Protein chains: 2
Amino acid sequence: MGLQVMERQKSKKNYHHGDLRSALLRSARALLEQQGISALGLRAITRHAGVSSAAAVPHFGNLAGLLSALATTGHEELAAALEPVLEIGAHAAGLVYVRFAIHNPGLFTLMFRSDVIDRGDRPLAAASARTSHMLTRLIGNMTDHQPQRTRSGIRAAHWGKVHGLAVLAIDGLLDPLLSSQGEDMSLEDLLDDALR
Amino acid sequence: MGLQVMERQKSKKNYHHGDLRSALLRSARALLEQQGISALGLRAITRHAGVSSAAAVPHFGNLAGLLSALATTGHEELAAALEPVLEIGAHAAGLVYVRFAIHNPGLFTLMFRSDVIDRGDRPLAAASARTSHMLTRLIGNMTDHQPQRTRSGIRAAHWGKVHGLAVLAIDGLLDPLLSSQGEDMSLEDLLDDALR
DNA sequence: AATAAAACTTATCAATGACAAGATATCGCC
DNA sequence: GGCGATATCTTGTCATTGATAAGTTTTATT
C-alpha cells in the first residue's frame, strides 16, 4: 500500500509527469514574466517544462488554449485580490487593480490580448465575467451616487480609468509624467493621486 | 518631352513601383482593419501590394520597422484630430480620442503594441511624443484646478480614463454595460456619459 | 555614356504551430 | 491480479513565417 502510493507519486512526478498541465502553465508564466509575451511559443514553453513540443496538445489543444488557461488564472487571481477590498471603496480597489497589473505585467497584458487567447473558451469567459462582476459590486457599494449619470456610465468611467492607468503604466508611458519641473515622484504616488 | 514624362510616370507606377513605401503602408493598413493585427505578416503585406516578400527591406528594414511606420501615421492622425478640439475642453477631447480608437481599432491597438513595433524608432517616438504633448496642453487649458492634486496626477487620470475606455471599447468589453435593467443605450452614449 | 547606388526578385535558411502515427503508461473492468 | 481500452507523450513531418545573401534591373550621378 505504502509502496503503491510511492509508485504513484513517483510516476506522477516522472514519466507521465502527473500534472503536466500545471507544469506547463507554470513554465508559460515564468517565460511570460521573464521575457514577455512574444516568448510564449508552444515550443519554448514545452522546452522549458522539459517535454516534447506536442505534449501540450492533450491538455490544451493548441497554443491559444494554453494561453487562455493562463489568462484564466490571471483573472482568478485578480478577482481574488479585488474581493477583500471591494467594501473599502473605489480608491482602494483601483489601487489593487493597478498594482496587480504592475506586479504581473505580462499576465495582465495577456488577459486582454484577444488575438492570442480564445475568448470563446468557457473557463476563461467565466473567470473574466467574475472579474467584471467585481466592478459591478464595487459601484453598487459606492455611496455618492451622481444622479445625472448612468450607473453604466459610472462603471465604465471607473473601469476605464483604472484599466487605462494599468495599461499605460505597464507600457512605461506614464514614466515621463513622474519628473515634472524638477520634482520627482514615484509611480505609486502618481497612481494614488490619479485614482483620487 | 511629353513622352519622357509619360515614361517616368509609367516606370514610377509600375516596375520600381515609384512609391512602394506608401503602397506597403496602405496595404498593411487595409489588412489591419479588415483582418486584425494577426494578419499583419511581412508576406501578407507584400503579397497584397503585389511585390515580392523581400521588397519591404530597403524601405523599412524589417517587419517591426514597417509596423512602426504605420503606427507613426496613427499617432500623427490622432494628434491631428485632437489638436482642433483642445481648446474646447477635456470632455470633447476625450470623445475625439475614443472615437478615433473605435473607428480605427486595428491601428489604435497597433500604436500601443510595444512587442511588435520598435519604440526606439525615431519618427515613431517623435509622433508618440507629439500625441502625448496634446494631453499636456489639454490639462494646461483646464480651468478648474484641483489644488490638492498633482498636475501629473490629473494628466495621468484623464489619459488613463480616456485610454482605458478606448481599449475596453475596442475589445468589446463595454458591450455588457450597454443593456442594463431593460434599458438599452448606444456605445456612443455610454462613452459620453463615462467621460463626464 | 559609364559607373555607382538603390530598388526589387529569387532562393535559401532556421524556426514555428499543427498534426498524424507510433510508443508507453494509466485506468476500468472482469 | 491481469487485460483491454484509453489517455499521455514522443517522433517525424508539413506548410508557413521573417530574415538574409546573391543576383538582376532600374535610377542617379558625374
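Just so it is clear, the structure is predicted and the values come from calculations on it, not from any experiment. For the numbers below, each heavy atom of this structure counts, side chains included, while hydrogens, waters and symmetry mates do not. Each chain gets a letter, A, B and so on, in the order its sequence line appears, and its residues count up from 1.
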R155(A) vs T136(A), side-chain hydrogen bond (donor to acceptor under 3.5 Å, both in side chains): CA-CA, chis, key distance, verdict: CA-CA 7 Å; R155(A) 269 172 67 186; T136(A) 312; 3.1 Å; yes
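In this structure, F60(B) places its CZ atom 11 Å from P of dC8(C), rounding to the nearest Å. Spacing between atom CG of D115(B) and atom P of dG18(D) amounts to 14 Å, rounded to whole angstrom units.
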Could you go through nucleotides 4-6 of chain C and list every protein N or O atom that sits under 3.5 Å from one of its N or O atoms, giving the distance for each pair?
none

Using atom names, set out every protein N or O paired with an N or O of nucleotides 15-19 of chain C below 3.5 Å, distance rounded to 0.1 Å.
from, atom 1, to, atom 2, distance (Å)
dG17(C), OP1, L42(A), N, 2.9
dG17(C), OP2, L42(A), N, 3.1
dG17(C), OP2, R43(A), N, 3.1
dG17(C), N7, R43(A), NH1, 2.2
dG17(C), O6, R43(A), NH1, 3.2
dA18(C), OP2, L63(A), N, 3.2

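At the phosphate of dA7(D), neither OP1 nor OP2 sits under 4.0 Å from any side-chain N or O atom of H59(A).
Side-chain proximity of L20(A) to the nucleotides dT10(D), dC9(D), dC8(C) is greatest for dC9(D).
Looking only at side-chain heavy atoms (C-beta outward), L178(A) and D184(A) stay at 4.5 Å or farther from each other. In this structure the side chain of F60(A) never reaches within 4.5 angstrom of the side chain of S68(A), judged on heavy atoms. Looking at S22(A) and D19(A), their side chains come closer than 4.5 Å, going by heavy atoms from C-beta outward. Taking the side chain as every heavy atom from C-beta outward, R99(A) and E188(A) approach each other to under 4.5 Å. Counting heavy atoms from C-beta outward, R47(B) and S53(B) have side chains that stay 4.5 Å or more apart.
Among the candidates D189(B), D193(B), D192(B), the single residue satisfying the salt bridge (Lys or Arg N to Asp or Glu O under 4.0 Å) test with R149(A) is D193(B).
Between the side chains of S114(B) and D171(A), a donor-acceptor pair is found at a separation under 3.5 Å.
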